[in-house]
Amino acid sequence: MARQAWAEGFVFVDAFAGAGRALVWQTNAATSTDAFDFATLDAADDEPDEDFELSPVLDGSPAVALGVAPPFTRYVFLERDPARIQRLEALKKEFPARDIAIQPGDSNEYLRDGLVRAFRWRTWRAVVFVDPFGMQVPWATFERLASTKAIEVFVNFPVNMAIQRLLKRSGKFTDKERKKLDDYFGDPGWFDLLYRETPGLFGAEVQKVTRSGGKLVNWYRDRLKALFGYASAAYLVSSTRNRPLYYLIHAGSNETGAKIATNVLTGGTKVSTSAGKSRPKR
């Protein structure tokens with residue numbers, strides 16, 4: 001983008017930005033479920049659990065983005081937690097030459113309204129890193145971003161961290177539960193994709209299909225492709241004990257950008273869980 005004469009500017013938006021940097025807790029306990037966990041640099045995290053010892057600080061996605069050369073024209077970090085916002089303000093002071101905005105409040109509200117209205121998308125471009133802890137970003141948010149034809153997204157699809165917990169084996173959902181999943185996926189077709197009616201002793205029974213996670217990832221990725229125009233292959237991110245956590249998927253309206261993203265995500269580049277966000281203590 002820096003070489004495009006028509007481009008007025010390009011923006012990096014980090015939804016759910018966290019604290020910007022994180023301490024890694026190296027475990028000493030043989031019973032620990034993972035080799036490390038992330039802690040934000042908040043006062044409450046200064047004293048880790050007795051089974052952990054602190055290791056060097058890691059840059060989270062905001063700090064990594066600020067270090068990219070050539071730099072983005074503008075950076076927007078979305079975060080609602082006051083303690084993490086303070087850490088982002090400190091990070092901002094380390095980069096006085098960067099145009100950085102820290103936006104408190106609801107990330108979805110900003111993405112759907114504030115961001116879409118903030119720039120002239122004929123001459124501006126943006127990449128949005130959507131890395132929530134769970135299912136906080138409904139499909140309507142992506143529809144709004146895609147409507148600009150100028151915003152690309154990297155999406156954390158938390159199939160193993162959050163989604164599977166809500167997809168009951170029995171296939172029995174309340175209206176409220178169904179609506180939550182419908183809003184997140186943007187289509188009630190997830191149910192027919194993941195559940196089959198089979199004959200049972202007391203009549204027909206609904207059962208969850210095998211390999212439901214893989215089917216759901218492919219379906220969601222295809223929906224992103226239909227919405228934005230292009231989508232990368234889904235890149236699996238696993239824990240240090242090789243447990244699948246979530247998938248990263250890139251989607252956008254530019255074919256060249258899609259090829260670059262696919263190369264990054266599938267070409268052997270190491271991807272690890274984002275630092276700077278408070279992961280649960282073990």
Asker: Checking Leu224 against Trp139 for the side-chain contact (heavy atoms from CB on, under 4.5 Å) test, could you report, in this order, the C-alpha distance in whole Å, the side-chain angles of both residues, the deciding distance, and whether it holds?
Answerer: CA-CA 9 Å; Leu224 285 173; Trp139 189 256; 3.8 Å; yes
Asker: With a 4.5 Å cut-off on side-chain heavy-atom distances among I, L, V, M, F, W and Y, is there a chain of contacts connecting Phe154 to Met1?
Answerer: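 Phe154 clusters together with Met1.
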Asker: Listed by chain and number, what are the ring pair (Phe, Tyr, Trp, His ring centres under 6.0 Å) partners of Tyr230, not counting sequence neighbours?
Answerer: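 With neighbours one apart ignored, the set is empty.
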Asker: Are there over 12 heavy-atom neighbours, none belonging to Lys208, within less than 6.0 Å of that residue's NZ?
Answerer: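 It does: Lys208 NZ has more than 12 such atoms within range.
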Asker: So does Lys179 pair up with Asp183, basic N to acidic O under 4.0 Å?
Answerer: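 Salt bridge present between Lys179 and Asp183.
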Asker: Could you check, using the six-membered ring where one of them is a Trp, whether Trp190 and Phe173 have ring centers closer than 6.0 angstrom?
Answerer: yes
Asker: If you round to the nearest 0.5 Å, how far is CZ of Arg84 from CZ of Phe77?
Answerer: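 It is 15.0 Å, given to the nearest 0.5 Å.
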Asker: Do Val116 and Thr148 pass the side-chain contact (heavy atoms from CB on, under 4.5 Å) test, and can you show the C-alpha distance, the side-chain angles, and the key distance before you say yes or no?
Answerer: CA-CA 7 Å; Val116 170; Thr148 66; 4.1 Å; yes
Asker: Quick check for you: to the nearest 0.5 Å, what is the distance between Asp131 atom CG and Leu248 atom CG?
Answerer: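 One finds 7.5 Å between CG of Asp131 and CG of Leu248.
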Asker: With Arg221 as the cation and Phe157 as the aromatic partner, state whether NZ or CZ is under 6.0 Å from the six-membered ring centre and within 45° of the axis.
Answerer: no
Asker: Supply the atom-to-atom distance Leu193 CG to Asn218 CG, rounded to the nearest 0.5 angstrom.
Answerer: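 Here the rounded value is 9.0 Å.
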Asker: So do the side chains of Leu66 and Pro71 get within less than 4.5 Å of each other, counting heavy atoms only?
Answerer: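 Not in contact.
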Asker: Report yes or no: do Ser238 and Arg243 form a side-chain donor-acceptor pair below 3.5 Å?
Answerer: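 No donor-acceptor contact under 3.5 Å links the two side chains.
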Asker: Can you measure from CD (Glu152) to CG (Asn254) and round to the nearest 0.5 angstrom?
Answerer: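 Glu152 atom CD to Asn254 atom CG measures 6.0 Å (nearest 0.5 Å).
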Asker: Hey, what do you get for OH (Tyr246) to OH (Tyr235), rounding to the nearest 0.5 Å?
Answerer: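 Tyr246 atom OH to Tyr235 atom OH measures 10.0 Å (nearest 0.5 Å).
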Asker: Quick one, Val137 with Val155, criterion side-chain contact (heavy atoms from CB on, under 4.5 Å). Give me CA distance, side-chain angles, the key distance, then yes/no.
Answerer: CA-CA 10 Å; Val137 183; Val155 183; over 6 Å; no
Asker: Find out if a path of hydrophobic residues (ILVMFWY) with successive side-chain heavy-atom gaps under 4.5 Å connects Leu245 to Phe129.
Answerer: yes
Asker: Does atom NZ of Lys92 have more than 12 heavy-atom neighbours, drawn from other residues, nucleotides or ligands, at distances under 6.0 Å?
Answerer: yes
Asker: Hey, does Leu216 have a side-chain heavy atom less than 4.5 Å from the side chain of Leu167?
Answerer: yes
Asker: Go through the steps to decide whether Lys149 and Trp121 satisfy the test side-chain contact (heavy atoms from CB on, under 4.5 Å), and finish with yes or no.
Answerer: CA-CA 8 Å; Lys149 304 295 183 182; Trp121 295 114; over 6 Å; no
Asker: Run the salt-bridge test on Glu8 and Arg122 with the 4.0 Å N-O cut-off and return the result as yes or no.
Answerer: no
Asker: Hey, what do you get for CG (Asn160) to CG (Leu236), rounding to the nearest 0.5 Å?
Answerer: 7.5 Å
Asker: Among Lys168, Arg165, Lys172, exactly one meets salt bridge (charged side-chain N to carboxylate O under 4.0 Å, His left out) together with Glu177. Which residue is that?
Answerer: Lys168
Asker: Counting heavy atoms not belonging to Glu109, are there more than 12 under 6.0 Å from its CD?
Answerer: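 No, the 6.0 Å shell around CD holds no more than 12 heavy atoms from other groups.
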Asker: Any luck finding a side-chain donor-acceptor pair between Ser212 and Gln164 under 3.5 Å?
Answerer: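 Indeed, the side chains of Ser212 and Gln164 share at least one donor-acceptor pair under 3.5 Å.
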Asker: Do the ring planes of Phe72 and Phe12 sit parallel (below 30°), tilted (30 to 60°) or perpendicular (above 60°)?
Answerer: tilted
